[in-house]
Each structure stands twice: as structure tokens, then as C-alpha cells.
Amino acid sequence: MTIPEKLPYPDRMETSFEGIWPILYAFFTAQDRLDRAAMRRQTEICVAGGGRGMAVLGLATEVAKLSTAERRAVVEWAAEDLDGRIPLAVTIFGATPEEQSEAVAHAAANGAALAILQPPRDPAMTEAALQRFFGRVMDRSPVTMAIQNAPEFLGIGLSPPAIAELSRRHGNFRVLKGEGPAVLMARVVAETEGRLAVFNGRGGLELPDNLRAGCAGLIPAPDCFEAQVRIYDAMRRGDAAEAERLYREILPAIVFVMQSIDHLICYGKRLVAARMGLAQVHDRAPGLAPTPFGEAAISRFAARLGPYGA
Ligand SMILES: N[C@@H](CC=O)C(=O)O
């Protein structure tokens, strides 16, 4: 795909980047193909449960295990299923700026409001080289840009001052998707001086404290995102006591699931499947195999959370 210098897509700057934007898991069939029906069902759940937006192709979507054709299918299905009801954010995966620019153009052509650049999986890359890499993709992008900063999960990332510098250099870099403690998010918020809407992930760990730190919202997997929408709303109307009460209810499930990304993919996906009424989960290798103990825990959490409303 050729990337035109200036792309004819509409200005999407009006999207308000705040609130809870659940990110889809990748569900597979017994034949190891993406499960179209389960992907559609997740989108319906995200809309019905009050997602302010929806995201695809992050760590929860197992982006690194998908082929280019599968990544494109996930974006196209999400756009088709959302049908403009809430905005779509697409995580961008690729080893070179050119590959990432092609994925950004594809996301934009499918109406994405936000493209979230994941660093290339090259832990040897210096911070300055990573800034240049992101900058090259940002300069050619027709959509609002974010980066996913998850050094603990990806082995590569930017420090708060480097994020701030990148945001000063590139006016279309307006959102940060972090995966880190609330204390770190507070630093990023302070250093970027209001230029970025800062989201955290990590399944929603520390949600009330993330909001106190100045985060605009959260990009969690859908495990218990409707409760996170209620927590977000309670914090925004100043009812911290209610937010903390709701947070205490979901915290055991979040802690259980969010032990690592492999754990999230194995058990978080099973929690969503149980809540959706999906009888079986087919894992794509390589990945963590569930144990009977883990599956029993997921059944307990699913019973406590109940089926999704949609
Ligand atoms: N933000 C994560 C999910 C967990 O919070 C992602 O990128 O998938």
C-alpha cells in the first residue's frame, strides 16, 4: 500500500479521549482461525456496557501472534460491527516505520479515531532511536496518535521526559496508553503538562488512583469493564466512596487475572468467555495452558460478575 503524503480522511480531532475504552481479546475457533462471531459479540458487549470507545490489537488481542491479514480482519470487523456507534482505537504493530505507517493508513481507512503505536520488539533500541521511529510514523499519520508505553511488558519503552519531548515535537501525538503504576502515570501527566490524554491499562488495577493521578481513562480488556465504567462515573461526579466500594468488588478478579500478559490472555479471556456464555476457549500457541485450579477461580469470578447485559 502506498502512503500518500496528505490523506483525504476527515478530521477526527473532535473525539473526546476519556473514559473506559475496552480492548478486545482474540477468540479462535477449534481450527485456529479468528472466531468472527465471538469478535462481534465482544463489540456488542463493549457498546452496551458503556464503553466510551473500543480498542483492538493490543496485548489482550495477542497482536504479535496474528498475521497481517488477521490484524486487518480484526480492524475491519470492529469497524463494521461498531458502525460508528463509539470511536475505534487501533493498536499498530510493526517492525519498521513503513510497516506501521501502512497499518495506520489501513486503520484510518476503516474510520479509526486513534492509532496507538506499539514499539517494535527490539529491546536494544535506544530511547532516541525509538523517539525517531515513532516520530516518522506520526509525521505521516492522518489520525490522532498515541503510543503504548509498556516497558515492563514489552521490554522497551520511553521515560516520562522522553514521552514529554515526543509530545512537544509532534502535535498529533495526543494520547498515551500506559501500562504501569499510578505513581508513574502521575509523573507522565505532570511532565506532559496537559498535552496528552493519559490512559492506563493493566486490567484496571488502581483505577481510582489512576484517575486521582490525572489519567483521562483506561484501556482494559473487557473482563469487568462495565464495573469500571461505573467507577469512572462515580469518580467524575465526586463520589470517591462509591468508586472505592465498586473497585473493592472487582479487585480480586483483576489481581487474579493481571499477573502477567500470558495470565491475562489465558484467564482473562476465559472470564470473558464465561460471562458471554461461550462454552470453550481455543488458545493460540504459544501461550499459557489453564490449570483446573485457575479454571475454578475463573468460574467463581464469572459467577460473581454475572453474564454481560448485551
Ligand atoms: N491494556 C492491555 C490490556 C490490559 O489492560 C492491552 O493492551 O491489551
Side-chain angles (χ1 to χ4, degrees), residues 17-27 39 42-43 45-46 49 51-66 70-71 74-75 78 88-94 103 107 112 114-121 145-157 175-182 184-185 188 197-211 215-229 231-232 247 250-251 253-273 284 287-288 301:
F17 295 106
E18 59 186 0
I20 309 300
W21 291 47
I23 184 159
L24 302 192
Y25 285 111
F27 279 94
M39 301 307 282
Q42 284 187 97
T43 297
I45 285 163
C46 293
R52 193 67 69 86
M54 188 184 89
V56 292
L57 296 183
L59 300 167
T61 326
E62 297 170 73
V63 64
K65 291 187 208 166
L66 303 180
E70 286 174 326
R71 289 198 287 272
V74 168
V75 172
L88 174 64
V90 175
T91 307
I92 302 297
F93 179 86
L114 184 69
I116 307 171
L117 306 183
Q118 241 189 35
R121 307 285 171 102
M145 300 302 298
I147 63 167
Q148 180 170 20
N149 201 51
E152 286 85 357
F153 295 145
L154 298 175
I156 174 168
V175 178
L176 180 92
K177 179 187 177 194
E179 305 279 354
L184 181 64
M185 293 304 121
V188 175
V198 177
F199 284 68
N200 207 350
R202 294 211 307 171
L205 278 174
E206 302 184 289
L207 175 53
D209 283 332
N210 279 311
L211 297 174
C215 282
L218 195 70
I219 304 183
D223 310 14
C224 49
F225 83 97
E226 331 96 283
Q228 291 162 335
V229 169
I231 293 168
Y232 176 88
Y247 180 60
I250 58 170
L251 189 55
I254 299 175
V255 170
F256 183 88
V257 163
M258 208 56 228
Q259 295 296 320
S260 67
I261 295 301
D262 282 347
H263 224 258
L264 169 78
I265 289 164
C266 176
Y267 292 112
K269 199 195 292 193
R270 281 175 168 76
L271 180 51
V272 170
R284 174 167 285 188
L288 198 67
F301 294 131

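As the structure lists them, so they are numbered: ligands from 1, and atoms in each ligand from 1.
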> Are the side chains of I23 and T91 in touch, meaning some heavy atoms are under 4.5 Å apart?
Replying inline: yes
message: Regarding ligand 1, does T61 bring an N or O atom to under 3.5 Å of one of the ligand's N or O atoms?
response: no
Near R202 (heavy-atom distance under 4.0 Å), the atoms of ligand 1 are 4 (C), 5 (O)
Here the salt bridge (Lys or Arg N to Asp or Glu O under 4.0 Å) pairs for residues 53-62, sequence neighbours left out, are E62-K65, E62-K269
### Message
Run L57 and V75 through side chain to side chain contact (heavy atoms under 4.5 Å, CB included) and show every step you take.
### Response
CA-CA 8 Å; L57 296 183; V75 172; 3.6 Å; yes
By side chain to side chain contact (heavy atoms under 4.5 Å, CB included), Q228 pairs with (sequence neighbours left out) I20, L207, L218, P220, C224, F225, I250, I254
Taking only non-hydrogen atoms of P220 and a 4.0 Å limit, the atoms of ligand 1 in range are 5 (O)
*Less than 3.5 Å between some nitrogen or oxygen of G58 and one of ligand 1, yes or no?*
no
One finds that the ligand 1 atoms under 4.0 Å from a non-hydrogen atom of A60 are 6 (C), 8 (O)
One finds that the ligand 1 atoms under 4.0 Å from a non-hydrogen atom of I23 are 8 (O)
Numbered in order shown, the ligand 1 atoms found under 4.0 Å of a heavy atom of G201 are 1 (N), 5 (O)
Take the angle between the ring planes of F256 and F301 and call it parallel below 30°, perpendicular above 60°, tilted in between. tilted
Correct closest heavy-atom pair for M185 and G180 would be CE-N, 3.8 Å
Exercise for review: Check whether any side-chain heavy atom of V74 sits under 4.5 Å from a side-chain heavy atom of L24, and report yes or no.
Suggested key: no
The atoms of ligand 1 lying under 4.0 Å from a heavy atom of Q148, numbered in the order shown, are 7 (O)
for atom 2 (C) of ligand 1, nearest protein heavy atom and its distance come out as E179 OE2, 3.3 Å
Taking only non-hydrogen atoms of G203 and a 4.0 Å limit, the atoms of ligand 1 in range are 4 (C), 5 (O)
- [ ] Please step through side chain to side chain contact (heavy atoms under 4.5 Å, CB included) for the pair R52 and Y232, ending with a clear verdict.
- [x] CA-CA 11 Å; R52 193 67 69 86; Y232 176 88; 3.8 Å; yes
| query | Polar-atom distance check: I219 versus ligand 1, any N or O pair below 3.5 Å? | reply | yes
For atom 6 (C) of ligand 1, the closest protein heavy atom turns out to be K177 NZ, 3.3 Å
